[in-house]
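For clarity, every value in this text was computed on a predicted model and none was experimentally measured.
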Amino acid sequence: VQLQASGGGLVQAGGSLRLSCAASGSTFSINTMGWYRQAPGKQRELVAFITSGGTTNYADSVQGRFTISRGKDTVYLQMNSLKPEDTTVYYCYIDHRSRYWGQGTQVTVSS
């Protein structure tokens, strides 16, 4: 299974970005899909996840601003009202017998 993340970039504070992560290969019956982020020197943070049944969970720091959704083989993260502290690399993952990771996509929010 391979994951390809896209959608990162540079945006001003208050702006929006939409991250996508497409899975390819043997993707039958993917379970949970989600996003982490990790800034240099900081602990990895679970941003959001969505189960195969559609249940979602968000970090307190993004609740009400980010929305996670999924298609059959793709997970999305709609990020609104972005803040400078959201600046970091975002990593997608899926749980499909094992955990698979995407390559990371940089999000930079300028003040």
Side-chain angles (χ1 to χ4, degrees):
V1 176
Q2 296 82 41
L3 300 182
Q4 181 66 47
S6 60
L10 173 64
V11 64
Q12 289 188 331
S16 299
L17 285 172
R18 188 190 196 210
L19 306 184
S20 299
C21 179
S24 60
S26 177
T27 59
F28 181 75
S29 294
I30 293 175
N31 294 318
T32 301
M33 309 175 82
W35 295 88
Y36 276 85
R37 63 187 181 185
Q38 185 169 23
K42 293 191 176 181
Q43 195 167 8
R44 185 174 60 182
E45 177 186 24
L46 177 60
V47 177
F49 68 82
I50 182 167
T51 68
S52 58
T55 299
T56 59
N57 186 277
Y58 298 92
D60 289 344
S61 57
V62 307
Q63 182 76 46
R65 299 187 297 122
F66 291 10
T67 303
I68 191 169
S69 60
R70 62 185 286 172
K72 177 178 177 295
D73 297 328
T74 304
V75 60
Y76 306 96
L77 188 67
Q78 178 66 43
M79 305 185 295
N80 298 329
S81 303
L82 282 162
K83 304 176 180 179
E85 51 263 45
D86 295 319
T87 295
T88 188
V89 179
Y90 287 71
Y91 298 90
C92 60
Y93 75 92
I94 65 169
D95 289 330
H96 177 55
R97 304 187 185 94
S98 298
R99 176 159 290 187
Y100 296 88
W101 294 93
Q103 82 281 13
T105 185
Q106 175 71 43
V107 171
T108 303
V109 184
S110 63
S111 57

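Of the listed residues (Thr32, Val75, Asn57, Thr55), just one forms a side-chain contact (heavy atoms from CB on, under 4.5 Å) with Ile50, and that residue is Val75.
Distance check, rounded to the nearest 0.5 Å: CD of Gln103 to CD of Gln2 gives 11.5 Å. Within the model, atoms CE of Met79 and CD1 of Ile68 stand 11.5 Å from one another, a figure rounded to the nearest 0.5 Å. Going from atom CZ of Arg37 over to atom CG of Leu46 covers 10.0 Å, rounded to the nearest 0.5 Å.
The shortest non-hydrogen separation linking Thr74 to Met33 is C-CE, 3.7 Å. The two residues Gly71 and Tyr76 have their closest heavy-atom pair at N-CE1, 4.1 Å. Here the shortest heavy-atom pairing between Thr105 and Trp35 reads CG2-CZ3, 4.5 Å. Leu77 and Tyr90 make their closest contact through CD2-CD2, 4.3 Å (heavy atoms, listed as atom of the first residue, atom of the second, distance).
Donor-acceptor pairing under 3.5 Å is lacking for the side chains of Glu85 and Ser61.
Proximity of the aromatic rings of Tyr93 and Tyr36 is defined here by a centroid distance below 6.0 angstrom, and this criterion is met.
Side-chain heavy atoms closer than 4.5 Å link hydrophobic residues (I, L, V, M, F, W, Y) into clusters, and following such links, possibly through other members, connects Leu82 to Tyr58. At a threshold of 4.5 Å between side-chain heavy atoms, the hydrophobic network of Ile, Leu, Val, Met, Phe, Trp and Tyr places Val89 and Val107 in two separate groups.
Between Arg44 and Tyr91 the shortest side-chain heavy-atom distance does not fall below 4.5 Å.
Among residues at least two apart or in separate chains, salt bridge (charged side-chain N to carboxylate O under 4.0 Å, His left out) pairs with a member in residues 52-71 are Arg65-Asp86.
Shown here are the side-chain hydrogen bond (donor to acceptor under 3.5 Å, both in side chains) partners of Thr108, two or more places apart in sequence or in another chain: Gln106.
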Just list the side-chain donor-acceptor pairs under 3.5 Å for residues 7-23, sequence neighbours left out, or say none.
unit_1	atom_1	unit_2	atom_2	d
Ser16	OG	Asn80	OD1	2.9

